[in-house]
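Report on one structure; see the data block that follows.
Because the structure is a prediction, the values reported are computed rather than measured. As the structure lists them, so they are numbered: ligands from 1, and atoms in each ligand from 1.
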Amino acid sequence: MRWTRAAGRGLLVLVVVVAGHVGAGARAGEGSAGGRGPLTFATAGDLTGYLGPLLEGWNRAHPGEKVTLVELPDSADETHAQMATDLRGGRRSRFDVLNIDVNWTPEFAAAGWIRPLPRDRFPLKTFLRPVQDTATYDGELYAVPYVTNAGLLLYRKDVLAAEGVPPPRTWAELEQDAKTIAPRHGLDGYAGQFLPYEGLTVNAAEAVYSAGGTILGDEGARVTVDSAAAREGIGFLARGVREGWIPEQALTYKEEESKQAFQDGRLLFLRNWPYAYVVASAAGSPVAGKVGAVPLPGPDGPGAGVLGGSNLAVSTHARHPDSAARLIAYLTSEPVQRQVLTRGALPPVRAALYEDPELVRRFPYLPTLRESVLAARSRPKSPRYDQVSLVVQAVVHDAMTGHMTPAAAVRRLARELAAISDR
Ligand code: GLC
């Protein structure tokens, strides 16, 4: 297997140990001429273990501006918490360049944690259109898109072919197959990321959007969740657990655990990001050659995936802001964006790569992925996004565990989200 967690972890231990030394040295050199010098790069868990080697490339070419990788946990919420704690420390902050979730740009900018960036330094026009919108706040550029993402439905090609059915396009088809076909093959039906954390907010937003609903409007100023469509979306997830075609274990899954269940051959259907498709299909995976991917289904036809991915931002207290901007330009350059795909199994932000004949030959899913990213919908936008997400996760999890009906869940969501916008 090319992408193993173990390899990535080994690397992590190494770089973090080194970080202690480099960090201390770099702080001593604070304010060096021209804003150039060593940097730290803080990121959520690197699920495909590609970042260390990629940053090595920068370090070899820029010995005076070495970057140290600080890898935070897999869970977006824990990464958010650690970054927020660090950035609240102001001048004591250890993180210089931050790889932040697409949805955090408004919050980090409004809090004064990240600094505005000069637009002319970055090739924004070469990026896929939806990702460009995630990088600005209040008319200013606060981050540079780095990786994009869109939810997909992975399915077991071999099992559906043996049953003579096509991959599902509607929730009714997915439910039917998950209920009847999966058990005949000793499989569980369907899973996504249902632990209460950012991944559940994503899965819930996809279900609500697929049914035609919304959560917030007007940049977070209006609560729009109280609708029949939102009840239908949350109802779909809750019914799955109640009827058993979503296994109870899935209520504890983040991206990796759900991918593992699928890769071990325990699941018929999985909602996940494209990296899971690449890793589960790679040589050595027990389900290699048996994995298909289609757009997420919805009530009457294909539903709506949520736009994921991350942006690069510079801490307000970055020790060497010029080097930070240079590192971001490097990470978003064409050759490095190519490696994001080829080594990281992550969807790049550069639009041209999706039409590059050599890459399309190697990664035949690229045109489909491009369509999914272009069609993906944003999560609610709000400078208090962290609070919005916490409410969505908690309430939807209660609905999925049967502690609350979907109708009660939607009413509570409307009440609690309104309280956040009033604060
Ligand atoms: C992926 C996405 C990110 C999302 C997270 C949820 O990392 O790229 O946008 O918030 O998953 O777990």
Any non-hydrogen side-chain atom of Asn272 less than 4.5 Å from a side-chain atom of Leu152?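 Answer no - side chains too far apart.
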
ring-ring contact (aromatic ring centres under 6.0 Å, His included) contacts touching residues 391-423 (sequence neighbours left out):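 Sorted result for residues 391-423: empty, none.
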
Just jot down the ring-ring contact (aromatic ring centres under 6.0 Å, His included) partners of Tyr137, sequence neighbours excluded, or say none.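 Tyr137 satisfies ring-ring contact (aromatic ring centres under 6.0 Å, His included) with no residue once adjacent residues are dropped.
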
Salt bridge (Lys or Arg N to Asp or Glu O under 4.0 Å): pairs with one or both residues in residues 379-390, sequence neighbours excluded: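 The answer is Asp101-Arg379, Glu198-Arg379.
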
In terms of relative ring orientation, are His62 and Trp58 parallel, tilted or perpendicular, with 30° and 60° separating the classes?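 His62 vs Trp58 ring planes: parallel.
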
Given Leu353, which partner from the list Thr126, Val360, Leu359, Leu128 fulfils the side-chain contact (heavy atoms from CB on, under 4.5 Å) test?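 Only one of Thr126, Val360, Leu359, Leu128 forms a side-chain contact (heavy atoms from CB on, under 4.5 Å) with Leu353, namely Leu359.
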
Return a table of N or O atom pairs, ligand 1 on one side and protein on the other, at distances under 3.5 Å, rounded to 0.1 Å.
| unit_1 | atom_1 | unit_2 | atom_2 | d |
| --- | --- | --- | --- | --- |
| ligand 1 | 8 (O) | Asn149 | ND2 | 2.9 |
| ligand 1 | 8 (O) | Gly309 | N | 2.7 |
| ligand 1 | 9 (O) | Asp101 | OD1 | 2.7 |
| ligand 1 | 9 (O) | Gly309 | N | 3.0 |
| ligand 1 | 9 (O) | Gly309 | O | 3.4 |
| ligand 1 | 9 (O) | Arg379 | NH2 | 2.8 |
| ligand 1 | 10 (O) | Asp101 | OD1 | 3.1 |
| ligand 1 | 10 (O) | Asp101 | OD2 | 2.6 |
| ligand 1 | 10 (O) | Arg379 | NH1 | 2.8 |
| ligand 1 | 11 (O) | Glu255 | OE2 | 3.1 |
| ligand 1 | 11 (O) | Trp273 | NE1 | 3.1 |
| ligand 1 | 12 (O) | Glu255 | OE1 | 3.4 |
| ligand 1 | 12 (O) | Glu255 | OE2 | 2.7 |

